[in-house]
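A short write-up of the structure that comes next.
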Amino acid sequence: MFNKFGSIAAVVAVAAALLVDNPVRAEAAQSWPIQVTSSYKLNFTGFGEIGKLQFQSRIEGSDYTSTGTAEVKIPLIYTWSSNLAGSGKLLADQPKPLVYSFSSKGKPLIGGTKTNSIRMSFKDHAINQVSIVPPSNPGGPKYVPLLPEHVAEALDPLTAVMMFTRATSAAPCDRRMKIFDGKQRFDLILTPAGQQKVAETRPSGQPGVGFVCKVRYVPIAGYKNNDETKAATEKTDIEVALRPVPSANLLVPYRVTVATKWGTGTMLLQRMDIVAPGQKQIALVH
């Protein structure tokens with residue numbers, strides 16, 4: 001039971017990383033939002049609200065920084081928390097990451113606390129160093145080895161989100177992202193699933209119809225080819241809903257739904273404050 005709920009918390013928290021609202025491709029740095037601060041709540045079937053997520057990104061000159069925290073508490077069963085951060089430079093056509101880090105701590109009702117941390121550094125757009133604590137040494141006959149060519153063109157999770165949330169395409173749900181999280185190389189494939197009206201408690205003046213994307217996970221390397229991985233690749237019930245914010249050149253993730261055999265986890269945007277180019281203030285309240 002504890003392992004099951006721990007897995008649910010971890011899956012939802014990793015999905016939360018896809019909610020960090022940062023800019024990506026742009027013609028000039030001046031067209032990127034200066035600052036984005038957001039908060040989300042996490043619900044799970046049968047438990048109600050079980051967690052919260054908070055994210056912030058800021059641009060100063062040509063430098064950008066991103067931070068995020070997540071907390072999950074399933075009463076009498078499991079607690080889990082994580083921190084992630086990234087920084088880099090803004091170029092004319094893409095972000096140039098310098099550092100990415102992720103750390104987590106989980107504790108079941110019975111058993112000891114487990115911690116994990118990953119840190120990656122970059123040089124010339126390529127990952128040149130990875131540090132994992134405790135060291136990862138999966139091995140075994142079902143392990144698909146990670147080779148240098150697998151990470152040559154892959155993005156870290158935060159940079160991938162930056163590429164995802166920028167409103168540069170008329171078809172935001174038609175794309176494939178290559179990601180390396182420090183341990184595993186995988187793709188996320190997005191496909192269109194229609195549009196959805198956005199409800200807000202305070203008028204923002206932004207479009208009220210969002211895009212709904214189906215998300216599919218495809219492992220490439222650095223994973224075990226076991227039943228758990230096969231089940232994850234067969235999932236077709238992960239959705240991300242994106243709200244266009246033209247004034248800030250953003251596609252804001254306002255809902256993420258992850259269905260599992262134990263229930264459904266949903267992350268919902270509560271509030272987002274954006275300082276758009278020209279110091280225009282935008283508040284999204286749901």
(message) Testing the 3.5 Å rule here: is there a donor-acceptor pair between the side chains of Ser121 and Arg119?
(response) no
Quick one: do [X] and [Y] make a salt bridge, cutoff under 4.0 Å?
X: Lys178; Y: Asp187; result: no
X: Arg58; Y: Glu60; result: yes
X: Arg243; Y: Glu200; result: yes

(message) Please give me the minimum heavy-atom distance between Leu269 and Ser39, naming the atom from each residue.
(response) CD1-O, 3.6 Å
(request) For Ile132 and Gly182, work out which heavy atoms get closest and say how close. (result) CD1-O, 3.3 Å
Rounded at 0.5 Å granularity, tell me how far [atom1] in [X] sits from [atom2] in [Y].
X: Tyr100; Y: Thr159; atom1: OH; atom2: OG1; result: 9.5 Å
X: Leu251; Y: Asn249; atom1: CG; atom2: CG; result: 10.0 Å
X: Ser117; Y: Phe102; atom1: OG; atom2: CZ; result: 9.5 Å

(request) Go through the steps to decide whether Asn116 and Ser103 satisfy the test side chain to side chain donor-acceptor pair (under 3.5 Å), and finish with yes or no. (result) CA-CA 6 Å; Asn116 176 59; Ser103 63; over 6 Å; no
(request) For Tyr217, check ring-ring contact (aromatic ring centres under 6.0 Å, His included) against everything at least two apart and list the hits. (result) Phe186
(message) Could you work out, with ring-ring contact (aromatic ring centres under 6.0 Å, His included) as the rule, every residue matching His150, not counting sequence neighbours?
(response) none
(message) Quick check: do Cys173 and Thr191 have side-chain heavy atoms less than 4.5 Å from each other?
(response) no
(message) I want to check something: taking the side chain as every heavy atom from C-beta on, are Val198 and Val209 in contact at a cut-off of under 4.5 Å?
(response) no
(request) Could you please spell out the steps behind the side chain to side chain donor-acceptor pair (under 3.5 Å) verdict for Tyr254 and Gln196? (result) CA-CA 11 Å; Tyr254 69 90; Gln196 185 178 81; 3.0 Å; yes
(request) Check for a donor-acceptor pair, side chain of His286 on one end and backbone N or O of Leu268 on the other, with a separation under 3.5 Å. (result) no
(request) Ignoring hydrogens and angles, tell me if any N or O in the side chain of Thr229 forms a donor-acceptor pair with the backbone of Lys224 under 3.5 Å. (result) yes
(request) Applying side-chain contact (heavy atoms from CB on, under 4.5 Å) between Val245 and each of Val36, Leu284, Thr165, report the one that passes. (result) Leu284
(request) Apply side-chain contact (heavy atoms from CB on, under 4.5 Å) to Phe180 and Met120, showing your working. (result) CA-CA 10 Å; Phe180 177 59; Met120 293 191 286; 3.7 Å; yes
(request) Step through the shown structure and confirm whether more than 12 heavy atoms of other residues, nucleotides or ligands are within 6.0 Å of NZ on Lys107. (result) yes
